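Predicted model, so just to flag it, every value in this text is computed and none were measured.
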Amino acid sequence: MAVDLTLTGAATALGGLGLFLLGMTMMSDGLKLAAGAALERILAAATRTRWHGLGSGVLVTAMVQSSTAVTVATIGFVNAGLLALGPSLWVLFGANVGTTMTGWIVALVGLRFKIEALALPLIGVGVLLRMTGAGTRRAPVGDAVAGFGLLFLGIALLQQAFGALSGDTLLPAGDGVGAVLLQVGAGLLMTVLTQSSSAAMAITLTAAQGGLLSAQSAAAVIIGANVGTTVTALMATVGATPNARRAALAHVAFNVVTAAVALAMLPWMVDAIAVLRAWLGLPPDPAARLALFHTAFNVFGVLLMWPLATPLTHWLQRRFRSAEEDESRPRFLDENVLPVPELALQALAQEIARVGGLARRTAASALAGAPGSAVARERDTVQQLDAVVERFIERLSRAALPPAAARDLARWLRVLRYHETAAEQAVLAAQAGAGADAALPEAPRAAAAAFVGQAHALLAACGASDGAVADRIATAVERAEVSYQAFKAALLDAGATGAMPIDAMEAALARASALRRALDQAAKAARLSAAPAPAAS
């Protein structure tokens with residue numbers, strides 16, 4: 001019987017973990033597709049300073065009574081590219097303070113709102129939005145909402161699997177170094193098993209209120225419970241972006257550093273909290289004293305991290321570096337050249353040439369039949385570098401530029417737009433049917449091969465740097481257009497004669513049309529880049 005219960009608990013825990021990770025993925029993907037600029041503006045406004053980010057984390061966590069939910073959601077926003085690393089740190093730090101509200105509710109009211117109770121309604125609403133909003137923004141919104149629900153349902157299953165174990169666990173007592181370390185470990189283990197520091201907090205307060213633990217022992221368990229919340233943050237980074245991993249590591253650093261300092265000062269902190277409790281006129285029972293300790297402990301952590309946040313951010317940015325992220329960093333742009341427009345324009349031209357090379361590589365990947373996800377990652381690199389270049393252009397435009405330099409700046413901005421559009425069209429082409437050309441009937445397949453060959457030749461011509469670029473591009477564009485029209489005619493003929501299904505024909509046409517558009521944008525960018533700079537005036 002005991003073995004059966006153990007196996008059932010293990011299966012439930014495994015299922016809960018799977019639902020948690022699935023919910024995290026759905027939430028991030030749905031937010032990325034549905035949020036658009038609106039949510040980015042809201043998040044930017046809520047995190048524009050340290051105080052705003054900290055206050056947002058405290059407020060939202062106090063409202064939902066789940067630092068787990070806020071932590072995972074914040075990492076999800078970072079993962080979806082909706083929240084930058086720096087602001088996210090203060091939301092995470094604020095979430096640690098906000099979660100202390102649970103201790104006050106347990107100590108002063110004895111009730112706790114369970115955010116996971118919203119899981120099933122969220123899943124139902126999300127699926128309904130998904131089913132009724134195909135092709136609209138409601139569909140990705142539904143994915144995000146259902147993802148939140150699955151995430152909470154996963155946490156609830158983990159709590160169900162390990163709840164009995166945490167309830168039967170005897171907390172170690174004593175004030176020696178070994179006993180304190182055991183108490184910290186007990187708090188950490190309870191939080192990991194129940195996936196809720198609030199549950200560990202409630203158990204600890206109950207034990208202290210019943211006289212099973214001294215104030216110092218209970219404080220050590222609370223410190224361990226705080227550290228235990230980092231496991232959830234680390235779980236949320238499975239398959240996540242480098243920035244999301246950095247945010248999770250910052251959450252770990254906050255809790256571990258704060259715990260280490262608090263443990264070193266534990267006896268003095270407990271005595272100071274007793275004095276503060278009396279000064280505030282709070283009830284003299286252990287639960288109120290420990291709730292105050294929990295809040296003071298996390299506020300102390302924020303004060304401790306305040307001067308460390310900037311160096312921590314810089315350190316984190318050097319970790320988890322991916323090839324795509326390295327490529328998205330500018331190589332030629334330098335703030336020091338902004339006061340000299342001629343040098344700034346030269347640096348800008350070199351950086352935009354890099355953007356063009358990345359955009360053409362994205363188009364080449366789509367032509368080669370790379371998966372849509374791989375092409376999208378290359379497009380993301382183009383967009384990230386594009387954003388950096390745009391900010392440089394904006395700062396340069398504020399300077400007193402000669403008329404010729406101003407016209408040149410406008411020209412480079414147009415070139416940048418062409419490159420970005422080429423990368424976007426490449427993603428659309430890949431999503432329309434990567435690898436579908438191999439499944440075409442014989443005549444369209446031969447025409448597709450000819451079109452792909454001419455398309456690669458055009459991309460190569462766009463990347464050339466000799467003096468005959470314009471002539472080479474014109475010839476390559478003409479040949480690519482002829483091969484595209486032949487491919488299109490072959491597809492239409494195959495669809496009309498029943499040689500291939502109509503939906504497959506339409507998908508192939510959509511792919512070819514997107515590739516043609518990408519080639520057109522690449523050619524325009526190359527022509528405009530090769531155009532002579534405007535005469536000085």
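- Residue Ile473 comes nearest to Ala526 through the heavy atom pair CD1-CB, 3.3 Å, listed as atom of the first residue, atom of the second, then distance.
- We find that Lys524 and Asp520 are joined by a salt bridge, their nearest charged nitrogen and carboxylate oxygen being less than 4.0 Å apart.
- Of all heavy-atom pairs spanning Leu89 and Ala247, the tightest one is CD2-CA, 4.3 Å.
- Residues forming a side chain to side chain contact (heavy atoms under 4.5 Å, CB included) with Arg391 (at least two apart in sequence, or on another chain): Ala387, Val388, Arg395.
- A donor-acceptor distance shorter than 3.5 angstrom exists from the side chain of Ser397 to the backbone of Glu394, with no hydrogens or angles considered.
- Under the ring-ring contact (aromatic ring centres under 6.0 Å, His included) criterion, Tyr484 pairs with Phe451, not counting sequence neighbours.
- Gln346 and Gln350 form no side-chain donor-acceptor contact under 3.5 Å, judged by distance and modelled atom types alone.
- Ionic pairing of Asp408 and Arg411 is present here: one or more N-O contacts between side-chain nitrogen and carboxylate oxygen are shorter than 4.0 angstrom.
- The ring-ring contact (aromatic ring centres under 6.0 Å, His included) test applied to Trp315 returns no partner, not counting sequence neighbours.
- Residues Glu506 and Arg511 are not in side-chain contact: their nearest non-hydrogen atoms beyond the backbone lie 4.5 Å or more apart.
- Checking side-chain atoms of Thr258 against main-chain N and O of Asn255 turns up no donor-acceptor pair under 3.5 Å.
- Looking at residues two or more places apart in sequence or on another chain, you find a ring-ring contact (aromatic ring centres under 6.0 Å, His included) between Phe254 and Phe93.
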Under 3.5 Å, which donor-acceptor pairs do the side chains of residues 365-373 form with other protein atoms, sequence neighbours left out?
unit_1	atom_1	unit_2	atom_2	d
Ser365	OG	Arg361	O	3.1
Ser365	OG	Glu378	OE1	3.0
Ser365	OG	Glu378	OE2	3.1

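- Checking side-chain atoms of Arg50 against main-chain N and O of Trp90 turns up no donor-acceptor pair under 3.5 Å.
- By the side chain to side chain contact (heavy atoms under 4.5 Å, CB included) test, Val482 is found to be paired with no residue, residues two or more places apart in sequence or in another chain being considered.
- Side-chain atoms of Glu424 and Gln383 form a donor-acceptor pair, as typed in the model, at a separation below 3.5 Å.
- Summarising the local packing, CH2 of Trp306 is surrounded by more than 12 heavy atoms from other residues, nucleotides or ligands at distances under 6.0 Å.
- For the pair Leu515 and Leu428, the minimum side-chain heavy-atom distance is 4.5 Å or more.
- At least one donor-acceptor pair under 3.5 Å links the side chain of Ser56 to the backbone N or O of His52.
- Between the side chain of Arg246 and the backbone N or O of Leu316 there is at least one donor-acceptor pair closer than 3.5 Å.
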